[in-house]
Amino acid sequence: MDMLKVAGIAKDKGGLFIVKFSNREKLRVSEDQLVKYRLLKGMELTEEELAELKRSSTYDLGLQEAYRYVSYQLRTEKEMRRFLKDKEIPNDDIGKILQHLKELHLMDDLVFAESFVRTQMRLSDKGPRNLKQQLLQKGITEELIQQALTLYDKKEQAEVACKTAAKALKKIHGKSFKETQQKIRQTLMQKGFDSETIDNAIADLGVEKEAEAEAEALAKEGDKLWRRHQRKPLRERKQKVKQSLYQKGFELATIQIYLENKEIEDDE
């Protein structure tokens with residue numbers, strides 16, 4: 001029977017070891033395997049023993065990699081599976097490793113989802129719908145997501161939505177009252193809040209329609225449009241400006257007064 005000798009053992013990164021054999025093969029093993037198989041320089045192994053060592057090494061290496069991966073932060077089952085696959089761990093070993101991690105409570109998708117929701121509630125401006133999408137991408141099931149989202153109750157949603165709405169309002173200048181509300185609503189929808197929460201947040205802002213501010217905003221927007229369409233015939237020019245201002249939320253009566261004044265200015 002052909003025998004192979006351990007030609008050398010060297011430390012590798014991550015607390016692993018590289019075992020070199022007399023047939024020039026190399027194998028990465030953990031410290032546990034060094035002890036279990038009593039791997040020492042000069043030790044002899046049969047081809048069958050080497051094959052067994054290879055089979056066990058993939059599971060052990062995968063487990064060591066998994067321990068390191070969860071040591072930094074919580075991971076989902078989908079993230080761990082992808083990570084181990086990238087490390088070229090066989091599927092059979094991946095399944096065993098995942099089960100082992102679950103038994104040790106080192107991997108739990110519900111715990112991950114709840115932790116994620118708590119963190120996002122505290123640090124982000126996202127609503128429940130966005131959090132759900134992010135958790136789905138991480139491989140969390142619909143059922144577990146719904147359980148985790150119970151932590152994000154209406155009161156918490158209202159607080160985050162109000163802060164987000166106030167922040168959005170500060171960035172809006174020179175827009176009509178209607179367009180201002182539409183932009184805030186659009187922002188909150190994109191963040192993942194529902195209609196009821198959005199309505200309440202906008203109402204809590206207490207933004208009121210002020211005639212003077214509305215007139216200034218209309219004049220600013222109108223003047224830009226009036227210049228933009230200056231090469232068009234007067235009738236078409238007025239129609240273009242009127243249409244654009246109406247789409248921006250200004251009232252038709254106010255727009256008409258503005259256009260009449262612009263026409264008088266141009267005649268002077």
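No experiment lies behind these values; they were computed from the predicted model shown. Heavy-atom basis, side chains included; hydrogens, waters and symmetry copies ignored. Numbers for residues simply follow the sequence, beginning at 1.
In terms of heavy atoms, I202 sits closest to Q181 at CG2-NE2, 3.7 Å. Contact record, M121 with V160: O-CG2, 3.9 Å, taken as the closest heavy-atom pair. Closest of all the heavy-atom pairs between K41 and I9 is N-CD1, 4.2 Å. The minimum heavy-atom distance linking R129 with M189 is given by the pair NH2-O, 2.5 Å. Looking at every heavy atom in both residues, K242 comes nearest to L259 through CB-CD1, 3.8 Å. Considering all non-hydrogen atoms of both residues, E114 and A148 come closest at N-CB, 3.8 Å.
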For the pair Y152 and Q120, evaluate side-chain contact (heavy atoms from CB on, under 4.5 Å) and give the outcome as yes or no after the intermediate values. CA-CA 10 Å; Y152 202 179; Q120 294 300 310; over 6 Å; no
Set out, in order, the CA-CA distance, both residues' side-chain angles and the distance that settles side-chain contact (heavy atoms from CB on, under 4.5 Å) for Q247 and E179, then state yes or no. CA-CA 9 Å; Q247 289 173 345; E179 188 176 9; over 6 Å; no
Using the rule given for side-chain contact (heavy atoms from CB on, under 4.5 Å), can you reason through T164 versus L188, listing the C-alpha separation, both sets of side-chain angles and the distance that settles it, and then say yes or no? CA-CA 7 Å; T164 305; L188 292 174; 3.8 Å; yes
Is there a salt bridge (Lys or Arg N to Asp or Glu O under 4.0 Å) between K163 and E159? Walk through the geometry before answering. CA-CA 6 Å; K163 289 178 184 176; E159 289 180 6; 5.5 Å; no
Report the C-alpha distance between K102 and E77 in whole Å, list the side-chain angles of each, state the deciding distance to 0.1 Å, and finish with yes or no for side-chain contact (heavy atoms from CB on, under 4.5 Å). CA-CA 9 Å; K102 290 177 185 177; E77 183 173 335; 3.0 Å; yes
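For the atom pair CG (L136) and NZ (K78), the distance works out to 9.0 Å, reported to the nearest 0.5 Å. Note that OH of Y59 and CD1 of I89 are 11.5 Å apart. Values are rounded to the nearest 0.5 Å. In this structure, the separation between NZ on K248 and CG on L245 is 8.0 Å, given to the nearest 0.5 Å. Distance check, rounded to the nearest 0.5 Å: CG of L110 to CD of Q147 gives 5.0 Å. Rounding to the nearest 0.5 angstrom, the gap separating the CD atom in E88 from the CG atom in D93 is 13.0 Å. Rounding to the nearest 0.5 Å places OH of Y67 at 5.0 Å from CG of L104.
E143 CD: 12 or fewer foreign heavy atoms inside a 6.0 Å radius. In this structure, D92 places its CG atom where only 12 or fewer heavy-atom neighbours from other residues, nucleotides or ligands lie under 6.0 Å away. More than 12 heavy atoms of other residues, nucleotides or ligands lie within 6.0 Å of NZ in K232, so this atom counts as buried by the packing criterion.
Taken together through direct or relayed side-chain contacts under 4.5 Å among Ile, Leu, Val, Met, Phe, Trp and Tyr, L101 and I94 form part of one hydrophobic cluster. Hydrophobic clustering (ILVMFWY, side-chain heavy atoms < 4.5 Å, transitive): L27 and L39 are in one cluster. Under the 4.5 Å side-chain heavy-atom criterion for grouping Ile, Leu, Val, Met, Phe, Trp and Tyr, L135 is connected to L74 within one hydrophobic cluster. A chain of hydrophobic side-chain contacts below 4.5 Å, direct or via other Ile, Leu, Val, Met, Phe, Trp or Tyr residues, connects I145 to V111. Taking hydrophobic clusters as Ile, Leu, Val, Met, Phe, Trp and Tyr residues chained together by side-chain heavy-atom distances below 4.5 Å, F193 shares a cluster with F116.
No donor-acceptor contact under 3.5 angstrom links the side chains of Q243 and Q239, judged on distance only.
Ion pairing between a basic and an acidic side chain is recognised when a charged N comes within 4.0 Å of a carboxylate O; K167 and D125 show no such pairing. Taking 4.0 Å as the cut-off between side-chain N and carboxylate O, K154 and D194 count as a salt-bridged pair. Here R82 does not pair with E79 in a salt bridge; the nearest charged N to carboxylate O distance is not below 4.0 Å.
In this structure, the side chain of S244 does not engage the main chain of V241 through any donor-acceptor pair within 3.5 Å. In this structure a side-chain-to-backbone donor-acceptor pair under 3.5 Å is missing from K240 to L225. Under a 3.5 Å cut-off, the side chain of D109 and the backbone N or O of I140 do not form any donor-acceptor pair. Between the side chain of Q157 and the backbone N or O of G127 there is no donor-acceptor pair closer than 3.5 Å. Judged purely by atom type and a 3.5 angstrom limit, R237 uses its side chain to pair as donor or acceptor with the backbone of W226. Between the side chain of N23 and the backbone N or O of L4 there is no donor-acceptor pair closer than 3.5 Å. A donor-acceptor contact shorter than 3.5 Å is absent between the side chain of T76 and the backbone of G139.
Stacking of R75 on the aromatic ring of F83 is not recorded, the 6.0 Å distance cut-off and the 45° axial limit not both being met.
Between D199 and R185 the shortest side-chain heavy-atom distance falls below 4.5 Å.
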